[in-house]
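What follows is one structure encoded as structure tokens, with my remarks underneath.
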Amino acid sequence: MSLAAARRIALAAQGFGAARPSAPPTRRTVLKVLDSTRLLQLDSVSAVVRAHYAPVFSRIGPYDRALLDGAAWGHSARRPRQLIEYWAHEAALLPVADWPLMRWRMVQYRHGRWNGMRQVLERNPALADDVLGVVKEYGPSTAGEIERHLELDRPRAKDNWGWNYSDTKVVCEALFAAGELTVPRRVGFQRHYDLAAAVLPADVVTREPEEADAIRELVRRAARAHGVGTETDLRDYYRLSRRQTEPAIADLLDAGELEQVSVAGWDKPAYLHTEARTPRRVTGAALLCPFDPLIFFRDRTERLFDFHYRIEIYTPEHKRVHGYYVFPFLLDGELVARVDLRADRASGRLLVPGAFTEPGRDAVLVARALAGALREMADWLELETVEVGEKGDLAPVLRREIA
């Protein structure tokens, strides 16, 4: 197939190109996005808006973020929890029903997710049981609250941990990775931990599929979310290994759920989900946060869109090419520009320090569409104005359009 066809398939699979809801989005509308993406990556950066909120906005437009909060961190008899946190593609929200598909990973992480975490567990052999005891007695608690219940002043992890966590916090994260704890709510993006068995339905907690069956299901979900993708693409979506994905792909090929195809310009075979749609065209505009599932695997982004993209948060400011928190701009099925964005909530401004057109694009047409998308984002975030800075070739044209 042509690259253009593969691109349209990928966009349709991710929920782009469909008509936006005419009525104000409901919780069902918000969760329908998960039918396409299967997960929403979590990230602590709040330069504009938390990463898990942005992909929903990109696909359905302005919506009440409390709808997503309620689905992930709220629960009642009338409205049971529908999303849960776990390590999928990095830390992510995923459907509650998908949590057991990560059991094999929880087994891998039972002694810690990485070496520094394992060292903390070895240094505090009784702390995991102590933490579980506190949570069992007191219910959902932050790591700080757990420490106070235990009357501990635990040492901080070494700087190579990266977050300067206390040992108690590290153990909470280890128990979360092992599936013993989960996160029933967040307050100010701070995790409150509780026993997984107290938060999730019994049939979810007790379900333990064989690893091969779970991997096949994850690859099936990744294939639907991609529409068409290489083995590397499918592997990356849930951070699987080649050893895991190759047998799963073979099974899905045998079952007729995938079809092997070649995509013009790709040097690896690709796999087309047999239910994937191939729209004639994809229209509309969307700002994509750096962790949007459409673009979070940068190699695929480059193959699909001829768009070289790297996040520069950890790059020293004087070495950044495009900016700190850059959103690619999707217009009619192509990535045509990128904008560095910042929400200045104190002054009610959506700041655009830099704006850049991709080579060969009409800057006036791009700026016109981008100005509308930025105004829509500002309104959604309850910011009064959009202010464009000086950096980038698109900035002067965009500033005129905004004005």
Side-chain angles (χ1 to χ4, degrees), residues 1-18 32-41 51 54-56 58-59 88-90 92-95 98 101-102 214-242 244-282 284 286 288-307 309 328 330 333-335:
M1 68 173 64
S2 68
L3 178 59
R7 191 159 49 238
R8 294 196 304 274
I9 291 169
L11 287 163
Q14 278 286 311
F16 290 100
K32 192 170 177 56
V33 173
L34 273 291
D35 292 343
S36 300
T37 66
R38 300 307 306 179
L39 54 82
L40 296 171
Q41 186 172 338
V56 179
S58 299
R59 287 155 178 79
H89 181 95
E90 302 299 331
L93 292 173
L94 65 161
D98 287 1
L101 300 179
M102 300 297 175
I215 298 299
R216 191 183 310 110
E217 285 298 320
L218 292 173
V219 173
R220 180 181 284 120
R221 284 156 172 69
R224 282 185 180 275
H226 284 82
V228 62
T230 65
E231 180 274 330
T232 313
D233 296 335
L234 302 185
R235 184 201 318 170
D236 178 78
Y237 210 71
Y238 290 99
R239 294 291 203 246
L240 306 174
S241 68
R242 186 172 183 173
Q244 293 172 312
T245 52
E246 286 185 337
I249 289 171
D251 287 349
L252 295 172
L253 287 168
D254 288 344
E257 296 185 51
L258 297 183
E259 177 185 353
Q260 185 170 317
V261 297
S262 61
V263 176
W266 291 9
D267 60 1
K268 295 179 180 178
Y271 301 95
L272 173 70
H273 195 282
T274 51
E275 296 179 7
R277 294 188 304 110
T278 312
R280 285 189 174 184
R281 56 199 301 257
V282 175
L288 306 177
C289 89
F291 305 106
D292 191 290
L294 178 67
I295 58 169
F296 59 30
F297 185 33
R298 310 307 188 203
D299 290 349
R300 176 176 170 83
T301 303
E302 195 155 356
R303 267 186 283 114
L304 265 180
F305 296 101
D306 190 24
F307 189 89
Y309 180 51
L330 178 71
E334 304 274 0
L335 293 180

Dump the intermediate steps for side chain to side chain contact (heavy atoms under 4.5 Å, CB included) on Phe307 and Ile295, then the final yes or no.
-> CA-CA 10 Å; Phe307 189 89; Ile295 58 169; over 6 Å; no
Is [Y] close to [X] at the side-chain level, that is, under 4.5 Å between some pair of heavy atoms?
{"X": "Val219", "Y": "Leu252", "value": "yes"}
{"X": "Phe291", "Y": "Pro55", "value": "no"}
{"X": "Val263", "Y": "Thr230", "value": "no"}
{"X": "Glu334", "Y": "Arg7", "value": "yes"}
{"X": "Tyr238", "Y": "Thr245", "value": "no"}
{"X": "Leu94", "Y": "Arg38", "value": "no"}
{"X": "Tyr237", "Y": "Arg221", "value": "no"}
{"X": "Arg303", "Y": "Phe297", "value": "yes"}

Side-chain ion pair, Glu246 and Arg235, N-O less than 4.0 Å | no
Nearest heavy-atom neighbours spanning [X] and [Y]:
{"X": "Ala223", "Y": "Leu258", "answer": "CB-CD2, 3.6 Å"}
{"X": "Ala214", "Y": "Leu101", "answer": "CB-O, 3.6 Å"}
{"X": "Ala88", "Y": "Leu39", "answer": "CB-CD2, 4.0 Å"}
{"X": "Gly227", "Y": "Ala13", "answer": "N-CB, 3.5 Å"}
{"X": "Gly333", "Y": "Phe305", "answer": "O-CE2, 3.7 Å"}
{"X": "Arg242", "Y": "Pro247", "answer": "O-CD, 4.3 Å"}

Please identify each residue that fulfils ring pair (Phe, Tyr, Trp, His ring centres under 6.0 Å) with Tyr271, with sequence neighbours left out.
-> none
If you round to the nearest 0.5 Å, how far is [atom2] of [Y] from [atom1] of [X]?
{"X": "Leu335", "Y": "Leu304", "atom1": "CG", "atom2": "CG", "answer": "9.0 Å"}
{"X": "Cys289", "Y": "Gln41", "atom1": "SG", "atom2": "CD", "answer": "8.0 Å"}
{"X": "Arg216", "Y": "Ile249", "atom1": "CZ", "atom2": "CD1", "answer": "12.5 Å"}
{"X": "Thr301", "Y": "Leu288", "atom1": "OG1", "atom2": "CG", "answer": "9.0 Å"}
{"X": "Thr278", "Y": "Leu11", "atom1": "OG1", "atom2": "CG", "answer": "11.5 Å"}

What pairs with His89 under side chain to side chain donor-acceptor pair (under 3.5 Å), at least two apart in sequence or on another chain?
-> Arg239
State which residues pass side chain to side chain donor-acceptor pair (under 3.5 Å) with Ser241; sequence neighbours excluded, sorted by chain then number.
-> Gln244
Applying salt bridge (charged side-chain N to carboxylate O under 4.0 Å, His left out), which residue pairs with at least one partner in residues 270-280 are found, sequence neighbours left out?
-> Arg224-Glu275
Dump the intermediate steps for side chain to side chain contact (heavy atoms under 4.5 Å, CB included) on Glu217 and Asp98, then the final yes or no.
-> CA-CA 9 Å; Glu217 285 298 320; Asp98 287 1; over 6 Å; no
Kindly determine whether Ser58 and Phe16 satisfy side chain to side chain contact (heavy atoms under 4.5 Å, CB included), including the steps that lead there.
-> CA-CA 8 Å; Ser58 299; Phe16 290 100; 4.2 Å; yes
Taking everything shown except Asp306 itself, do over 12 heavy atoms lie less than 6.0 Å from its CG?
-> no
Which pairs count as side-chain hydrogen bond (donor to acceptor under 3.5 Å, both in side chains) when at least one residue sits in residues 253-265, sequence neighbours excluded?
-> Arg220-Glu257
Residues pairing under side-chain hydrogen bond (donor to acceptor under 3.5 Å, both in side chains) where one sits in residues 289-300, two or more places apart or in two chains, turn out to be Arg59-Asp292, Asp233-Arg300
